[in-house]
Chemist: 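So that we are looking at the same thing, I have put the structure below in structure tokens.
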Amino acid sequence: MSFRRKIVAGNWKMNNSLAEALTLVDGVIAHLDPNTITEVIICPSYAVLAPIHAHLQGMPKIRLGAQNCSEFNSGAYTGEVSAQMITSVGCQYVIVGHSERRTYCNESSEQLTQKMKRALENKLHPIFCIGENLEERNGAKHFDIVKGQLKNVLSTFSLHDLKELLIAYEPVWAIGTGVTATSAQAQEMHAFIRKTISELFSVDFANTLPILYGGSCNALNAKELFACKDVDGGLIGGASLKAEDFCKIISSF
Ligand code: PGA
């Protein structure tokens with residue numbers, strides 16, 4: 001277990017109507033250990049952020065994040081949601097570069113750099129997602145891919161800009177598949193990410209940067225993953241939709 005902040009974030013993806021979302025939040029509140037030292041973040045769909053923020057009043061332990069933001073400030077971009085709008089409904093976090101958006105929406109490093117800029121300008125803490133696909137892992141290219149994803153976006157920024165950064169390592173082959181990275185694979189990559197960050201910025205920054213693991217992390221395997229020296233928590237998809245499981249993951253340090 002690391003000495004860094006411990007963080008568990010739930011990525012609800014495109015799930016839950018307003019009524020279902022409120023029920024899930026109530027479930028998380030009911031099952032959450034009141035003494036937990038883990039920082040808890042939930043990332044529901046844009047549609048329910050404002051009512052969930054209202055619902056969470058008096059629950060400072062659970063913070064709110066969005067799953068994406070526009071690379072633009074405002075204007076004629078039908079269907080897009082700006083970082084400023086996300087801040088205005090009570091979010092403190094935003095996921096940037098999730099592999100589903102990289103794949104289905106062809107988000108490029110240039111776009112992700114702009115999204116990161118908009119997020120930081122609007123005081124959002126980015127949860128920057130990186131990770132290789134199965135072909136890249138099988139071809140032993142995973143370290144190069146992850147290094148490239150980090151460099152292509154983060155090298156535009158200064159250390160000062162990135163104080164609030166979180167990184168999520170999510171191997172694409174583990175997302176939603178039920179196949180989790182082994183704790184050895186997770187630790188190896190998290191240590192590599194930390195080393196890359198220390199080369200790009202500084203050792204001190206790398207040592208304090210929270211790096212979350214994502215990809216079929218659940219109530220049964222979280223303890224083993226979170227016990228790894230360089231794993232500081234998780235970005236949880238499927239298992240964040242069940243309040244009891246999500247809260248067990250939160251208590252897995
Ligand atoms: P999963 O998703 O936990 O369902 O694999 C993780 C993610 O995509 O963030």
Chemist: Does any part of the side chain of H98, heavy atoms only, come nearer than 4.5 Å to the side chain of F128, both counted from C-beta?
Modeler: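 With C-beta onward as the side chain, the pair stays apart.
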
Chemist: Would you say the side-chain atoms of D33 and S251 include a donor-acceptor pair closer than 3.5 Å?
Modeler: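 The criterion, which ignores hydrogens and geometry beyond distance, is not satisfied for S251 and D33.
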
Chemist: Is a donor on one side and an acceptor on the other found under 3.5 Å between the side chain of R4 and the backbone of P210?
Modeler: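 Answer holds: no.
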
Chemist: Do other residues, nucleotides or ligands put more than 12 heavy atoms under 6.0 Å from the CD atom of E135?
Modeler: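 It does not: E135 CD has 12 such atoms or fewer within range.
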
Chemist: For A174 and T180, work out which heavy atoms get closest and say how close.
Modeler: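 Closest pair (atom of A174, atom of T180, distance): CB-CA, 4.4 Å.
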
Chemist: So which atom in L49 and which in P44 form the shortest heavy-atom distance, rounded to 0.1 Å?
Modeler: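 Scanning both residues completely, I find the closest heavy atoms to be CD2-CD, 3.7 Å.
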
Chemist: Would you name the heavy atoms of V94 and A119 that are closest together and state the gap between them?
Modeler: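 Closest heavy-atom pair between V94 and A119: CG1-CB, 3.6 Å.
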
Chemist: Can you find a pair of side-chain heavy atoms, one from Y213 and one from D232, that are under 4.5 Å apart?
Modeler: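 A side-chain contact is absent here, since even the closest heavy-atom pair is not under 4.5 Å.
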
Chemist: I'd like to check Y169 versus I193 (side-chain heavy atoms, cut-off strictly below 4.5 Å). Are they in contact?
Modeler: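 Yes, close enough: below the 4.5 Å cut-off.
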
Chemist: With a 3.5 Å distance limit and no angle check, can you tell me whether T113 reaches the backbone of S109 through a side-chain donor-acceptor pair?
Modeler: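 Pair found, side chain donor or acceptor close to backbone of S109.
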
Chemist: Using the rule given for side-chain contact (heavy atoms from CB on, under 4.5 Å), can you reason through L64 versus Y93, listing the C-alpha separation, both sets of side-chain angles and the distance that settles it, and then say yes or no?
Modeler: CA-CA 6 Å; L64 202 55; Y93 294 84; over 6 Å; no

Chemist: If I compare all heavy atoms of L165 with all of L209, which pair ends up nearest, and what's the gap?
Modeler: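 That closest heavy-atom pairing would be O-CD1, 3.3 Å.
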
Chemist: Can you find a heavy atom in the side chain of I42 that is under 4.5 Å from one in the side chain of W12?
Modeler: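 Yes, at least one pair of side-chain atoms sits under 4.5 Å.
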
Chemist: Decide side chain to side chain donor-acceptor pair (under 3.5 Å) for N122 and T87; before the verdict, give the C-alpha distance in whole Å, the side-chain angles of both, and the deciding distance to 0.1 Å.
Modeler: CA-CA 7 Å; N122 287 283; T87 305; 4.8 Å; no

Chemist: Is it the case that the side chain of E20 and the backbone of S17 share a donor-acceptor pair, with hydrogens and angles ignored and the cut-off at 3.5 Å?
Modeler: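 Confirmed, E20 side chain pairs with S17 backbone.
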
Chemist: Have a look at L154 and tell me which of L112, T196, I167 forms a side chain to side chain contact (heavy atoms under 4.5 Å, CB included) with it.
Modeler: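 One option only clears the test, and that one is I167.
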
Chemist: Nearest 0.5 angstrom please: E107 CD to Q114 CD, how far?
Modeler: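 With rounding to 0.5 Å, CD (E107) is 12.5 Å from CD (Q114).
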
Chemist: I'd like to know if E39 and K6 make a salt bridge, using a cut-off of under 4.0 Å between side-chain N and carboxylate O.
Modeler: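 Salt bridge between E39 and K6, a charged N being under 4.0 Å from a carboxylate O: no.
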
Chemist: In sequence, state the C-alpha distance, the side-chain angles, and the governing distance for T23 and D26, and then conclude on side chain to side chain donor-acceptor pair (under 3.5 Å).
Modeler: CA-CA 5 Å; T23 303; D26 283 337; 5.8 Å; no

Chemist: Whether the side chain of E80 engages the backbone of Y77 through a donor-acceptor N/O pair (distance < 3.5 Å, no angle test) should be reported.
Modeler: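 No: the side chain of E80 does not pair with the backbone of Y77.
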
Chemist: Report yes if the side chains of K117 and F157 come closer than 4.5 Å at any heavy-atom pair, otherwise no.
Modeler: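 K117 reaches F157 side chain to side chain.
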
Chemist: How about K13: does its NZ atom have over 12 heavy atoms from other parts shown lying under 6.0 Å from it?
Modeler: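 Correct, the count exceeds 12.
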
Chemist: Using modelled atom types and a 3.5 Å cut-off, is there a donor and acceptor pairing between side-chain atoms of R5 and backbone atoms of T208?
Modeler: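 No; judged by distance alone, with no hydrogens or angles, the pair does not exist.
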
Chemist: Evaluate the side-chain proximity of I7 to L166: yes if any heavy-atom separation is below 4.5 Å, no if none is.
Modeler: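 A side-chain contact exists here, since the closest heavy-atom pair is under 4.5 Å.
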
Chemist: Taking S82 for the side chain and M85 for the main chain, is one N or O donor matched with an acceptor at less than 3.5 Å?
Modeler: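 Present.
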
Chemist: What do you reckon, is CD of E164 surrounded by more than 12 foreign heavy atoms closer than 6.0 Å?
Modeler: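 Correct, the count exceeds 12.
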
Chemist: Do L32 and F246 make a side-chain contact, defined as non-hydrogen atoms from C-beta onward lying under 4.5 Å apart?
Modeler: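 No - every pair of side-chain heavy atoms lies 4.5 Å or more apart.
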
Chemist: If you count every heavy atom of other residues, nucleotides or ligands that lies below 6.0 Å from Q84 atom CD, does the total exceed 12?
Modeler: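 Result for CD/Q84: open.
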
Chemist: Determine whether a donor-acceptor pair (N or O, by modelled atom type, separation under 3.5 Å) exists between the side chain of S216 and the backbone of G178.
Modeler: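 Yes, the answer is positive, given that a donor and an acceptor are paired below the 3.5 Å cut-off.
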
Chemist: According to a 4.5 Å side-chain heavy-atom criterion applied to Ile, Leu, Val, Met, Phe, Trp and Tyr, with indirect links allowed, do I250 and L241 form part of one hydrophobic cluster?
Modeler: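 Yes, I250 connects to L241 through the hydrophobic network.
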
Chemist: If you look at every heavy atom in I249 and C217, which pair is closest and at what distance?
Modeler: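 I249 and C217 have their closest heavy atoms at CD1-O, 4.1 Å.
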
Chemist: Within a strict 4.5 Å, meaning less than it, do heavy atoms of the I236 and V8 side chains meet?
Modeler: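 When only atoms from C-beta onward are counted, V8 and I236 do touch, with a gap below 4.5 Å.
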
Chemist: Charged N to carboxylate O below 4.0 Å: is that the case for E199 and K147?
Modeler: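 A salt bridge links E199 with K147.
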
Chemist: Do side-chain atoms of R194 reach the backbone of D230 as a donor and acceptor pair under 3.5 angstrom?
Modeler: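 Such a contact is found between R194 side chain and D230 backbone.
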
Chemist: Establish, from distance only, whether the side-chain atoms of N68 and K115 form a donor-acceptor pair under 3.5 Å.
Modeler: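 K115 and N68 do have a side-chain donor-acceptor pair below 3.5 Å.
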
